[in-house]
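Read the numbers this way: they start at 1 and go in the same order the structure lists the ligands and their atoms.
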Amino acid sequence: MATFGPELWLFDGPAVTGAAGFEFPTRMVVIRLPRHGGLWVWSPVALTEDLRSTVDALGPVRHLVAPNSLHHTFLAEWAAAYPDAHVHAAPGLTPQIAGTEIHSTLGDEPDAAWAGDLDQVVVRGNRITTEAVFFHRASATVIVADLVQQIPRGWYRGWRAVVARLDLMTATKPSVPRKFRLATSDKTAAREGVRRILNWPANRLVMAHGAPISSGGKEALRQAFEWLLH
Ligand SMILES: [Fe+2]
């Protein structure tokens with residue numbers, strides 16, 4: 001566990017295997033909501049006894065968040081471990097795919113439980129997945145799952161290293177992978193979401209797949225989305 005900002009913690013989990021055998025590093029964000037002290041858990045990683053006791057020491061788990069239709073691998077085990085938690089999922093993730101009940105679908109307005117503490121934007125217009133991007137006000141942190149990535153250069157070997165490099169998954173700065181650019185069929189809709197993201201007074205940037213950035217997050221995001229804005 002790493003403290004990354006006020007009331008914000010990062011937990012790195014074991015890698016998961018995705019399409020074509022590509023392994024992805026995993027990262028979970030836990031935010032303690034000030035009003036009731038409940039925990040907001042974004043993109044849960046594999047749940048172990050150790051992880052569970054570390055999280056429990058921070059507060060009661062109230063919200064489990066799947067930010068897009070791809071980040072649900074461990075959602076069901078967390079929902080089973082924390083049956084009182086509310087499960088929130090991005091549009092496109094069904095209970096059948098997630099293997100657990102979904103209590104609410106993430107939209108462009110923050111849930112009443114975290115409005116004022118977190119803002120959110122659903123980035124639409126992408127054929128691969130629709131992602132909800134969050135902004136934690138107290139720490140000025142933007143939280144993004146797959147839309148922006150920066151996996152370390154040495155993470156992949158052989159042909160996968162070549163593909164990852166061409167796809168900009170392992171670029172020298174946080175980038176929107178080329179597959180997501182190509183899958184942006186409705187650029188107007190995507191641009192609308194991205195413009196809202198770029199209006200946030202962001203300082204920090206957390207990606208599920210990339211080293212967290214402690215300052216200059218807004219500029220990093222602007223550069224990552226430049227291809228879409230111009
Ligand atoms: Fe991912």
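In this structure, H86 and H103 have tilted ring planes: the angle between them lies in the 30° to 60° band. Using bins of under 30°, 30° to 60° and over 60° for the plane-to-plane angle, the ring pair H63/H88 lands in the tilted bin. Using cut-offs of 30° and 60° for the angle between ring planes, the F24 and H209 rings count as tilted.
If you look at the Fe ion (ligand 1), the protein N, O or S atoms less than 2.8 Å from it are H71 NE2, D146 OD1, H209 NE2.
One N or O on the side chain of W155 and one on the backbone of E23 form a donor-acceptor pair closer than 3.5 Å.
Between D119 and R137, at least one side-chain nitrogen of the basic residue sits less than 4.0 Å from a carboxylate oxygen of the acidic one, meeting the salt-bridge criterion.
Looking only at side-chain heavy atoms (C-beta outward), L10 and M1 stay at 4.5 Å or farther from each other.
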